[in-house]
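The chains referred to below are lettered A, B, ... by the order of the sequence lines, with proteins before strands, and numbering in each begins at 1.
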Amino acid sequence: MKRLELWLYIAQRGSALVLAPLVLLHLGVILYAVSGGLSAAEILGRTRSTMLWPAAYGLFVVAAAIHAAIGLRVVVREWTHWRNRTLDFAALGFGLVLLLLGLRAVQAIA
Amino acid sequence: MRNHASYRAFLVHRLSGLGLALFLPIHLIVLGLAVEASALDGFLRWSELPLVKAAETILVVLLALHMFGGLRLLAIELLPWSDRQKNWIGWAAAASLAVGAGFVIRTFA
Amino acid sequence: MTNASLGTLKVEIWRGAEEGDFETFEVPSQPSQTVLDLVTYVQRKLDPSLAYRFACRVGVCGSCAMTVNGTPRWTCRTHVQKVASSGRVRIEPLRNLPILKDLATDMAPFFDKGQEALGRFVPSDARASEVATIPPDDPKRKEANAAIECIGCGVCYSACDVVSWQPDYLGPAALNRAWTLVNDVRDGDRQGHLKAVAEDAGCHACHGHQNCVEHCPVGLNPTRSIAGLKRLVVMAALKGEL
Amino acid sequence: MSGLERHQTDLLILGSGGAGLLAALHAHDKDPSLEITIAVKGLLGKSGCTRMVQGGYNVALAPGDSLQRHFMDTIEGGKWLNHQELAWRLVEGAVERIVELENRWGCFFDRNPDGRLHFKAFAGQTVDRTVHKGDLTGIEIINRLAEQVWARGIKRMEEHRAIALIPSRDGQRLSGVLMLDIRTGEFRFVAAKAVLLATGGGPTMYLYHTPSGDKSCDGLAMALRAGLKLRDMEMVQFHPTGLIAGKDTRITGTIIEEGLRGAGGHILDGSGERFMHKYDPRNERATRDIVSRGMYDQMKAGRTGPNGGVFITMKHLDPAMVRKQFKGMVTRCADVGFDLVSGNVEVVPTAHYMMGGVEYALDCRTSLPGLFAAGEDTGGVHGANRLGGNGVANSTVYGGIAGEAMAAFAKSDGGIVAPDEAAIEAAVADTMRPFSRKSGDLNALRERLYKLMWDDVGIIRSEESLKRGEKALDDLAAELAETGLPQTTRAFNLTWADWLSLDSLILTSRAIAAAALRRDDSRGAHYRSDFPETGSLEKSENTVVTLEGNRIAVTTTPVAFTRVRPGQTLA
Ligand SMILES: Cc1cc2nc3c(=O)[nH]c(=O)nc-3n(C[C@H](O)[C@H](O)[C@H](O)COP(=O)(O)OP(=O)(O)OC[C@H]3O[C@@H](n4cnc5c(N)ncnc54)[C@H](O)[C@@H]3O)c2cc1C
Ligand code: HEM
Ligand code: SF4
Ligand code: F3S
Ligand code: FES
């Protein structure tokens with residue numbers, strides 16, 4: 001693809017922008033959850049009461065999959081000798097795995 | 001050559017990013033396993049262990065470091081240049097510490 | 001004026017090309033002595049076969065950069081006192097460039113990248129009979145002016161880890177030059193400069209390490225220039241203008 | 001000669017200063033099908049003095065200025081020795097060139113608040129006419145030109161040293177140039193349809209000198225050996241304030257900005273007393289030559305600082321002003337260990353520029369067909385003294401002219417012609433000579449040259465000193481010829497380069513001494529203690545030096561006042 005690196009860069013920064021508020025939200029949630037001593041049922045009860053939570057976490061998962069896959073690819077390219085096409089596929093694979101795992105988890109709280 | 005704040009900020013950001021990328025799949029597997037509420041309860045109980053708590057704290061700090069560091073980078077790249085950008089490193093570090101401290105206080109208190 | 005009481009320095013100098021080793025020389029200390037003077041002393045008095053490069057000796061030509069105790073520097077303007085640690089100075093060629101011999105590198109890849117980044121003015125009105133009227137406080141002019149006085153020494157290029165991790169990366173100096181052109185209202189192909197730095201090893205490969213800023217001997221800020229390019233390039237890409 | 005690498009190119013340009021780079025660009029513009037090669041001793045665009053230009057570029061574009069005024073300033077500054085047609089072409093060409101530098105090559109000159117070019121004051125000028133980029137004008141010009149050359153597929157032979165101009169077999173024209181590839185130590189012969197000599201002169205034979213380290217009068221020495229005439233070689237300009245910090249540092253000789261004196265800086269003798277009032281009512285603000293002579297006189301009398309110089313100080317002035325107005329100079333001094341704001345900085349007059357050089361025509365042809373010359377290698381434009389700001393104008397104006405003339409010549413008269421093989425062989429043998437002699441102390445020879453030129457052929461000369469100088473130069477030449485180099489590698493051998501530079505410098509020094517002996521009056525940069533008065537301007541003559549066998553011959557020719565006579569003015 002023409003200017004692949006630039007588009008990956010844009011996707012990575014874009015996904016980071018999406019992640020930032022979601023991570024803040026998530027940090028809030030864990031702080032709340034761990035300090036409130038909530039039980040699993042209570043947590044799930046809340047997350048399942050509205051579609052907003054699964055939607056937010058769904059978005060988080062998609063953004064994180066894009067963001068982390070691209071990020072890892074860059075790190076591997078720069079810090080190892082692995083820099084050919086196979087790396088691109090590996091990164092893509094990593095992103096997909098992340099996405100699947102993530103969606104499964106989101107499904108659990110939905 | 002690398003002995004200055006911006007470079008250290010990069011290293012922290014990269015290592016935290018790596019840490020997160022390696023941890024996130026594990027985290028998601030665990031969560032995914034918790035389709036059953038009981039399994040999640042088990043998980044939560046397991047997460048009461050001090051060692052696990054400590055590990056989680058580190059992860060939360062990593063996440064905070066990476067996020068604030070990332071926001072700093074996004075600000076440098078997307079906003080007009082500011083000569084105060086060097087100070088942002090300090091702010092990002094402080095905010096991450098605050099989050100970490102908050103987490104520690106809330107979990108252990 | 002020689003001053004014997006100042007003692008001697010142990011000067012370790014890289015000998016050879018990519019393959020090579022350090023050789024140690026003893027050079028008498030002087031009150032006024034730059035790193036270039038150390039190297040000159042060795043070539044004139046101790047080993048006539050030592051190779052290095054310099055021209056202006058006052059920090060304008062950018063020929064004399066070397067790695068001194070691990071840090072890339074312009075040697076003609078670096079006082080020995082500033083870098084010697086317990087009487088030792090270790091001098092190597094610049095990193096990230098092929099070594100020709102001893103302390104002299106082949107700088108061609110560095111300048112080639114300047115061209116790859118379309119780091120040259122493209123006239124819009126070459127035949128105009130008058131010089132363009134440009135107020136010095138015009139924001140674009142100020143932006144370009146802040147980045148223009150590069151001496152092409154390669155210090156930033158040598159200090160940048162991304163250059164060593166991604167050898168195709170255009171590097172701070174080339175991108176910095178492109179930024180001055182993008183802001184030059186006289187330039188006839190500002191889009192062209194953006195296109196050039198949007199290629200695969202372009203501005204977006206920079207991670208903002210700022211080694212370049214820390215080491216640029218004339219105090220330029222390539223990070224700032226590169227950030228500016230990133231903004232413009234992303235905007236252009238999203239608008240489909242590249 | 002067998003075993004010699006041979007190349008051919010249409011145009012061969014020696015040197016990548018303002019003259020060389022503009023020649024390449026103009027030739028390329030005129031005929032893009034030409035193969036153009038720039039051969040340069042250092043790296044392209046990173047060597048030579050054009051890059052070191054601080055002050056700026058004279059051009060008659062300011063409101064109230066005119067070509068006539070720029071011309072008259074140039075002639076009066078040159079004490080009527082200028083070649084008037086060349087000087088006129090300079091002032092005319094400067095206007096064209098500055099616009100071209102901005103609009104075509106992208107130079108970025110400073111502006112007034114209203115957005116128009118800023119012109120600053122420079123000594124010896126009746127109008128503020130110096131265009132500049134801060135105080136680093138040369139970097140801007142050379143960076144922009146080098147980028148353009150790089151972009152055009154012009155061939156580069158970097159770190160190649162021109163050794164000798166090689167005539168054709170019949171000796172009627174130039175065939176090409178023998179080059180030494182510094183990186184490998186191998187010789188190359190480059191045949192060309194036309195060659196430009198633009199190696200930038202450079203009076204680096206004096207104890208204290210400003211030019212870049214790669215300049216060693218090779219062009220002038222090659223021209224002498226090729227039978228060309230050099231004019232006004234006695235005219236060597238000294239800049240009054242060069243740093244002095246001992247002989248073992250390359251900082252010694254480098255310029256401390258002139259503006260410091262203008263801004264009220266004081267010059268003090270070794271005991272801290274001001275002295276310029278003894279020489280001129282303008283004190284420290286007198287012209288370059290007068291201040292240099294005053295300083296030299298004090299130094300001769302032994303009233304010096306620890307390194308043998310005098311001092312400049314700004315400490316009686318507002319430190320904030322000094323720091324702000326002379327930021328570059330203050331940091332440069334600080335980098336190398338001097339405090340310009342509140343201390344005394346030891347300074348000496350330092351050899352800066354050669355007004356003399358190869359005789360050439362308005363289109364840069366020389367008397368040797370196929371050879372062109374431009375820039376500081378040439379003589380005529382500046383006469384007995386160069387105005388600050390006319391140096392870079394000279395190299396860029398005539399560089400461009402030479403490029404076009406060479407492109408035209410290559411088409412009409414130019415062809416590749418076979419070289420005089422014997423000349424190549426002789427030049428190779430001369431260059432290899434030190435490897436077959438017993439290794440000796442080159443540094444001692446260089447220091448002797450520096451010292452004798454400074455003492456006897458320097459700021460103040462006399463028949464006696466010049467004769468002593470000539471004798472010492474002959475001795476040095478003979479000794480250098482027998483001084484060898486250690487048998488080390490020829491690749492990137494800087495000590496060999498030093499030997500070759502000394503060889504060029506000694507020959508050129510002989511030309512300076514001979515011309516100085518011939519001129520029995522004082523004017524401009526040339527001062528004879530035995531003839532302190534300036535002779536009749538009406539009867540002004542140019543000196544002309546040639547090399548006959550191994551002897552320097554001097555003649556004179558009357559100045560042709562083709563545009564204006566002494567006492568008249570155009571402005
Ligand atoms: C410190 C300083 C400040 C100055 N400031 C001003 C100023 O403010 N205004 C002004 O008008 N003038 C100034 N001058 C003078 C001006 O720089 C010169 O007059 C002019 O630039 C000379 O240009 P050039 O092209 O002839 O030579 P240069 O620019 O000196 O270039 C000569 C080139 O020839 C090469 N060369 C030399 N020998 C050989 C060889 N044997 N083989 C191959 N290549 C060779 C060199 O490497 C170099 O590339 C200043 C000079 C100095 C030293
Ligand atoms: C919270 C919001 C986040 C922000 C603002 C953010 C921001 C960024 C930015 C700007 C980069 C680019 C760094 C560079 O190229 O130099 C980056 C890299 C990276 N991020 Fe994130 N990130 C966030 C969350 C995450 C998460 C959740 C993960 C893990 C799953 C992650 C993993 C990575 C990795 C592996 C890199 C590559 C590191 C590198 O190139 O040095 N990030 N991040
Ligand atoms: S940006 Fe600075 S460090 Fe880099 S080449 Fe230019 S002057 Fe040298
Ligand atoms: S050091 Fe390199 S990574 Fe970017 S900020 Fe400078 S170019
Ligand atoms: S010798 Fe020119 S910058 Fe150092």
Side-chain angles (χ1 to χ4, degrees), chain C residues 1-2 30-34 36-37 40-41 43-45 48-63 76-79 81 100-102 104 107 111 114-115 119-121 123 125-137 144-145 148-152 184 186-187, chain D residues 42-43 45-48 51-52 98-100 102-106 108-117 133-134 136 138-140 143-144 147-148 150-151 158 183 212-214 245-246 248-251 254-255 306-307 332 335-338 442-443 485-486 488-489 491-495 498:
Chain C
M1 190 179 57
T2 42
Q30 305 279 340
S32 293
Q33 193 171 38
T34 62
L36 178 63
D37 293 331
T40 302
Y41 184 94
Q43 177 249 327
R44 283 187 177 166
K45 307 269 170 72
S49 68
L50 177 67
Y52 59 101
R53 187 183 289 128
F54 80 101
C56 71
R57 67 215 160 97
V58 288
V60 301
C61 72
S63 310
C76 69
R77 289 269 300 263
T78 301
H79 201 285
Q81 228 92 80
L100 289 173
K101 186 185 163 204
D102 302 342
M107 294 190 79
F111 289 105
Q115 291 297 320
R120 58 175 182 271
F121 183 73
D125 201 357
R127 307 283 169 218
S129 59
E130 277 189 42
V131 165
T133 301
I134 309 168
D137 53 4
N145 198 33
I148 197 119
E149 277 172 3
C150 168
I151 60 170
D184 190 335
R186 304 165 305 164
D187 193 276
Chain D
L43 297 183
K46 295 175 85 65
S47 48
R51 201 179 166 94
M52 299 173 75
I98 211 80
V99 174
E100 172 191 329
E102 265 267 347
N103 293 347
R104 184 146 168 67
W105 314 125
F108 207 89
F109 297 120
D110 282 357
R111 297 294 203 269
N112 287 319
D114 71 358
R116 304 165 68 118
L117 276 180
K133 171 78 194 83
L136 298 170
I139 299 181
E140 179 60 18
N143 278 356
R144 300 299 79 91
E147 284 163 10
Q148 298 292 342
W150 207 273
E158 294 183 292
R183 293 178 183 176
S212 62
D214 49 303
D248 287 329
T249 174
R250 293 205 191 260
I251 299 161
T254 59
I255 287 189
N307 288 305
R332 186 191 288 184
D335 281 351
V336 292
F338 301 99
L442 217 50
N443 297 304
L485 295 172
T488 55
T489 165
F492 227 122
N493 187 329
L494 296 189
T495 308
D498 285 345

Where on [X] is there a heavy atom nearer than 4.5 Å to chain C: the side chain, the backbone, both, or neither?
| X | result |
| --- | --- |
| D:Trp105 | backbone |
| D:Thr489 | side chain |
| D:Leu117 | side chain |
| D:Asn143 | side chain |
| D:Ser212 | both |
| D:Phe338 | side chain |
| D:Asp498 | side chain |

Find out whether [X] and [Y] are in side-chain contact, i.e. whether some heavy atom of one side chain is under 4.5 Å from a heavy atom of the other.
| X | Y | answer |
| --- | --- | --- |
| C:Thr34 | D:Arg250 | no |
| C:Ile148 | D:Arg144 | yes |
| D:Trp150 | C:Arg120 | no |

Looking at [options], which has the largest count of heavy-atom pairs under 4.5 Å with chain D?
| options | result |
| --- | --- |
| C:Ala132, C:Cys76, C:Ala144 | C:Ala132 |
| C:Ala104, C:Ser49, C:Ser32 | C:Ser32 |
| C:Arg53, C:Lys45, C:Lys101, C:Gln33 | C:Arg53 |
| C:Leu50, C:Val131, C:Asp137, C:Leu100 | C:Val131 |
| C:Gly114, C:Pro135, C:Gly59 | C:Pro135 |

Heavy atoms only, distances under 4.5 angstrom: which of [options] has the most pairs with chain C? Name it, please.
| options | answer |
| --- | --- |
| D:Asp110, D:Asn493, D:Leu442, D:Ile139 | D:Ile139 |
| D:Thr488, D:Ile255, D:Leu136, D:Thr254 | D:Thr254 |
| D:Ala491, D:Pro113, D:Ala151, D:Gly45 | D:Ala151 |
| D:Gln148, D:Glu100, D:Glu158 | D:Gln148 |
| D:Phe108, D:Phe109, D:Phe492 | D:Phe108 |

For [X] against [Y], the heavy-atom pair lying closest together:
| X | Y | result |
| --- | --- | --- |
| D:Asn443 | C:Arg44 | ND2-O, 2.8 Å |
| C:Gln30 | D:Asp248 | NE2-OD2, 3.6 Å |
| C:Val60 | D:Arg51 | O-NE, 2.8 Å |
| D:Asn112 | C:Pro136 | O-CD, 3.0 Å |
| D:Asn103 | C:Phe121 | O-CE2, 3.3 Å |
| C:Arg57 | C:Leu36 | CB-CD2, 4.5 Å |

Measure distances from [X] to the heavy atoms of chain D and classify the residue's part below 4.5 Å as side chain, backbone, both or neither.
| X | value |
| --- | --- |
| C:Gln81 | neither |
| C:Phe54 | side chain |
| C:Ile134 | both |
| C:Asp102 | neither |
| C:Glu149 | side chain |

Short N-O contact, C:Arg186 and D:Glu102, less than 4.0 angstrom
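Looking at D:Glu102 together with C:Arg186, the answer is yes, because their closest N to O distance falls below 4.0 Å.
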
With a 6.0 Å cut-off (strictly less than), is the heavy-atom count around CZ of D:Arg183, excluding the residue itself, greater than 12?
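Above 12, so yes.
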
Heavy atoms from other residues, nucleotides or ligands near CD of C:Gln115 exceed 12 (cutoff 6.0 Å)
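Yes, CD of C:Gln115 has more than 12 neighbouring heavy atoms, counting only those of other groups under 6.0 Å.
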
Approximate separation, where rounding is to 0.5 Å, of D:Thr249 OG1 and C:Tyr41 OH
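It is 14.0 Å, given to the nearest 0.5 Å.
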
